[in-house]
Amino acid sequence: MINDTESSHLISWTDPGTSFIIRNPGEFCRTVLGNHFTHNNVRAFNIWEFSHNKFLRGRPDLLGEVKGKSHEPDAPMKQVAAQLASLREENQRICEQLSTERQRIDRLVLVVNHLWDAVEKGFGPGSGS
């Protein structure tokens with residue numbers, strides 16, 4: 001369809017050749033899609049542009065690798081999910097470390113307070129020092 005010169009006024013590659021556009025989708029559906037598919041039920045817009053890493057001008061051999069959307073998350077989404085899980089684990093570990101350090105600080109504050117009390121008793125007013 002894209003390389004058919006008779007429909008080039010309706011569908012063509014963009015200049016970089018990495019996507020294609022459909023001008024006047026209504027006419028495209030009536031005159032072109034009807035020759036290739038049993039349906040042409042699409043909404044009318046002015047221009048459609050389609051992009052996919054396998055849409056490359058002069059490479060019709062790649063079109064067999066184009067698949068519809070699956071229900072599985074694609075590789076980038078899986079990678080993002082894995083990174084998010086890793087960040088959550090690290091955040092949990094840091095929170096646990098923070099809690100441990102706060103407990104140590106609380107114990108040190110108690111020790112310092114006891115030492116301060118002892119100093120005040122030993123060197124306070126009336127201690128004779």
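Computation of the quantities below employed the complete heavy-atom set of this structure, encompassing side-chain atoms and omitting hydrogens, waters and symmetry-equivalent molecules.
- Rounding to the nearest 0.5 angstrom, the gap separating the CZ atom in Arg23 from the OG atom in Ser8 is 8.5 Å.
- Linking Ile, Leu, Val, Met, Phe, Trp and Tyr residues whenever their side-chain heavy atoms come within less than 4.5 Å places Ile11 and Leu63 in a single cluster.
- We find the CZ-CG distance between Arg102 and Leu98 to be 4.0 Å, quoted to the nearest 0.5 Å.
- Relative orientation of the Phe55 and Trp13 rings is perpendicular, given thresholds of 30° and 60° on the angle between their planes.
- Dense packing is recorded around CG of Asp61, with more than 12 heavy atoms of other residues, nucleotides or ligands lying under 6.0 Å away.
- Side-chain atoms of Glu96 and Gln92 include a donor-acceptor pair closer than 3.5 Å.
- Asn91 places none of its side-chain heavy atoms less than 4.5 Å from the side chain of Leu87.
- From Ile105, atom CD1 reaches atom OG1 of Thr100 across 11.0 Å, with rounding to the nearest 0.5 Å.
- In terms of modelled atom types and a separation under 3.5 Å, the side chain of Arg57 and the main chain of Phe20 share no donor-acceptor contact.
- Summarising the geometry, atom CD1 belonging to Ile94 is positioned 13.5 Å from atom OG belonging to Ser99; distances are rounded to the nearest 0.5 Å.
- For the atom pair Ser19 OG and Leu56 CG, the distance stands at 10.0 Å (nearest 0.5 Å).
- In this structure, Glu6 places its CD atom where only 12 or fewer heavy-atom neighbours from other residues, nucleotides or ligands lie under 6.0 Å away.
- Expressed to the nearest 0.5 Å, how far CD of Gln83 lies from CD of Glu90 amounts to 12.5 Å.
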